[in-house]
Amino acid sequence: MSATSINIINDLESRGLVSQMTSGDELKTFLSRSRTLYSGFDPTAESLHIGNLVPLLALRRFQLAGHKPIALVGGATGLIGDPSFKASERQLNASDVVEGWVERLKGQVSQFLEFDGGANSAIVVNNLDWVKGVSVLNFLRDVGKHFSVNAMIQKDSVKQRLEREGAGISFTEFSYMILQSYDFAELYNRYGCTLQIGGSDQWGNITGGIDLARRMYKAQVYGLTIPLVTKADGQKFGKTETGTIWLDAAKTSPYTFYQFWLNAADADVYTYLKYFTFLDVATIHDIEVADMAERGKPQAQSILAREVTQLVHGAEGLAAAERISRALFTGDTNTLSREDCEQLKLDGLPNTLLIGGRKNIVEALVETGLASSNKMAREFIANTAVAVNGACVDSPDFDLRIEASLFGKYAIIKRGKKMFHLVCFGA
RNA sequence: GGAGGGGUUCCCGAGUGGCUAAAGGGAUCAGACUGUAAAUCUGACGCGCGAGCUUCGGUGGUUCGAAUCCACCCCCCUCCA
């Protein structure tokens, strides 16, 4: 094993990325040589979202520091459902659906890691591979025997489910901890994996795995958790009016993704730079100092948006996002060329094909999803919140007309200050 | 299996026969102010242009009238066995 270049723990700590870890100083020493670590991602949807990005990027940080990362996709655990800090029991997903999600997630996690075949080349695994063959009796005898229910019910992660009036937990979800623990022990056995990282809600599951590895293999393994991303105003991170911000470009366009970061609050943006980018801490500090000195608009948001969009959607995705943003927010939409309009569509600006040469604005707002009902559409118009091709719509009787479109084909509807939709007239 | 408690509009949560589309809070959206911020203020927040219509786990009753009463069913929780 080769020595690592930098001390990853110190780096993570300086970024505020360490929530808890087992035997801190010992772990730092342990990591002075190249080690194998893992983090798990359960298939609870067809794509990962930005909340998954922090541990994912942490794996990358470890790899850059010379360690070998394993990204585990939970084909087995995804069938069970992690109860950690969840207020209520979750609906089980169909197994064939989860199977499909596993494949999607494998691809997603891979894009953040290096598979160069070198000593610390990354590995992607699926825990279903070792869980599916285990018989219930063997599992209960060989694994379950190492767990004390008394200890399990002490974990904070399930406490509210056990104590809160009106809540409850099924045996299925209660067993989740054991499955995840078994993963850690198994990865130790297979790959010499000695560290598990995850969000701070995973602490209970991680320590469970550490105990199991010791009992089954007399192994000393470690755990480290990363803070969950929060917003300074206490709201839930990663949601917008349109919903979750996904990593999959088909579910959240690079433009929407870019806009999400651009809209980060001042109170959060420097933290996010540390969490979500690879800019070093000193650079981020300099940005903050410069922003403080300027009275106007800070630079941090646009740097953040550029960095993260580039990371997730690549240079092309970033270019597309910036093109749209520039066109919609800095220029007059009427200055757009025909090619620009076509490009907006290709770049992922939400768009709708309109058959026929005329459409009432209220209907159009509903059909494009800019308003949830006719009633809401009328309200937006009454509040002068709707504009078509830059001109405010002042009546619900207004029609989108092909004669008044851009280049005989396009109309850009704006609702509120930030929502845009491209309408394309078609035959 | 027994006893008890509960399921209300996105969430929490009032509401025990008409004055209830249903208090209050949160979230969300729009407008003003701004930096495509924050804070603040204003408005909206089931559907319908409207008269009005459809909602309070489900079904069926009682009643002039039900989220509220009755019956059965489904689901959740607690305790006992």
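The figures here come from the full heavy-atom set of this structure, side chains too, leaving out hydrogens, waters and symmetry mates. As the structure is a computational prediction, the values presented were derived from the model and not from experiment.
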For atom CD1 of A/Ile303 and atom P of B/U36, their distance in whole Å: 16 Å
For B/A37, which nucleotide in any strand shown is its Watson-Crick or wobble partner with both distances under 3.5 Å? none
Can you list the residues that meet the ring-ring contact (aromatic ring centres under 6.0 Å, His included) rule with A/Tyr38, with sequence neighbours excluded? A/Phe184
Please lay out, stage by stage, how A/Glu89 and A/Arg161 fare under the test salt bridge (charged side-chain N to carboxylate O under 4.0 Å, His left out). CA-CA 9 Å; A/Glu89 187 84 10; A/Arg161 293 282 288 279; 2.8 Å; yes
Side-chain donor or acceptor of A/Thr252 paired with backbone N/O of A/Ala249 under 3.5 Å: no
Could you tell me the separation between the NZ atom of A/Lys297 and the CG atom of A/Asp291, rounded to the nearest 0.5 Å? 11.0 Å
With a cut-off of under 6.0 Å to the ring centre and 45° to the axis, is A/Arg415 in cation-pi contact with A/Phe380? yes
Ignoring backbone atoms, establish whether A/Arg415 has a side-chain N or O less than 4.0 Å from OP1 or OP2 of B/C29. no
To the nearest angstrom, how far is A/Leu370 atom CG from B/A44 atom P? 22 Å
Which whole number of Å gives the distance between the C1' atom of B/C56 and that of B/G15? 10 Å
Provide, to the nearest angstrom, the distance between the CD1 atom belonging to A/Ile412 and the P atom belonging to B/U36. 18 Å
Can you tell me the distance, in whole Å, between the CZ atom of A/Arg378 and the C1' atom of B/G50? 10 Å
Whom does B/G48 pair with, Watson-Crick or G-U wobble, provided both distances fall under 3.5 Å? none
Write down the distance separating the C1' atoms in B/U8 and B/A14, rounded off to the nearest Å. 10 Å
Sort out the partner of B/C56 for me: Watson-Crick or G-U wobble, both distances under 3.5 Å, none otherwise. none
Would you compute the distance between atom CG of A/Leu328 and atom CD of A/Gln259 and round it to the nearest 0.5 angstrom? 8.0 Å
Short N-O contact, A/Asp268 and A/Lys231, less than 4.0 angstrom: no
Looking at A/Lys375, does any N or O in its side chain come under 4.0 Å of the phosphate oxygens OP1/OP2 on B/C29? no
State the pairing partner of B/G43; accept Watson-Crick or G-U wobble contacts with both distances under 3.5 Å, and report none otherwise. B/C29
Take the protein atom CD of A/Glu363 and the nucleotide atom P of B/G48, then report the distance between them rounded to whole Å. 12 Å
Within the distance-only criterion (no hydrogens, no angle test), does the side chain of A/Asp399 pair as donor or acceptor with the backbone N or O of A/Arg401 below 3.5 angstrom? no
What's the gap between B/C12 and B/G7 when it is taken at their C1' atoms, as a whole Å value? 14 Å
Taking atom C1' in both B/A51 and B/C41, what distance in whole Å separates the two? 35 Å
Can you pull out the residues from residues 253-270 of chain A that lie within a 4.0 Å heavy-atom distance of RNA chain B? A/Gln259, A/Leu262, A/Asn263, A/Ala265, A/Asp266
Quick one: label A/Pro396 by what it contacts on the DNA or RNA (base, sugar-phosphate, nothing), any heavy atom closer than 4.0 Å. nothing
Rounded to whole angstrom units, what separation is found between the CE atom of A/Met292 and the C1' atom of B/G35? 16 Å
What residues from residues 381-390 of chain A pass a heavy-atom cutoff of under 4.0 Å to RNA chain B? A/Asn383, A/Ala385
Would you kindly compare A/Lys231 and A/Arg161 by the position of their nearest RNA chain B nucleotide and give the one closer to the 5′ end? A/Lys231
Taking the C1' atom of each, how far is B/A27 from B/U78, in whole Å? 31 Å
Less than 4.0 angstrom from a charged side-chain N to a carboxylate O is my criterion; do A/Arg104 and A/Glu99 meet it? no
Taking the same atom, C1', in B/U36 and in B/G25, what whole-Å distance lies between them? 29 Å
In whole Å, I'd like the distance from the CD1 atom of A/Ile361 to the P atom of B/C49. 15 Å
Could you please name the partner base of B/A3, counting Watson-Crick and G-U wobble pairs only when both distances are under 3.5 Å? B/U78
Rounded distance in Å between the P positions of B/A66 and B/C19: 11 Å
Separation of A/Leu365 atom CG from B/C29 atom C1', in whole Å? 13 Å
Under a 3.5 Å cut-off for both distances, is B/C69 Watson-Crick or wobble paired, and to whom? B/G61
Considering every strand shown, what is the Watson-Crick or G-U wobble mate of B/G24 when both distances are under 3.5 Å? B/C12
A/Phe329 and A/Phe420 aromatic ring geometry - parallel, tilted or perpendicular at 30°/60° bounds: perpendicular
Sticking with atom C1', work out how far B/U9 lies from B/G57, rounded to a whole angstrom. 14 Å
Does B/A37 have OP1 or OP2 sitting under 4.0 Å from an N or O in the side chain of A/Lys417? no
Under the ring-ring contact (aromatic ring centres under 6.0 Å, His included) criterion, do A/Phe257 and A/Trp246 qualify, and how do the steps go? CA-CA 8 Å; A/Phe257 187 87; A/Trp246 303 97; over 10 Å; no
Among the candidates B/A30, B/A37, B/G35, find the nucleotide nearest to the side-chain atoms of A/Phe380. B/A30
CG/A/Leu195 to OH/A/Tyr222 distance, rounded to the nearest 0.5 angstrom? 9.5 Å
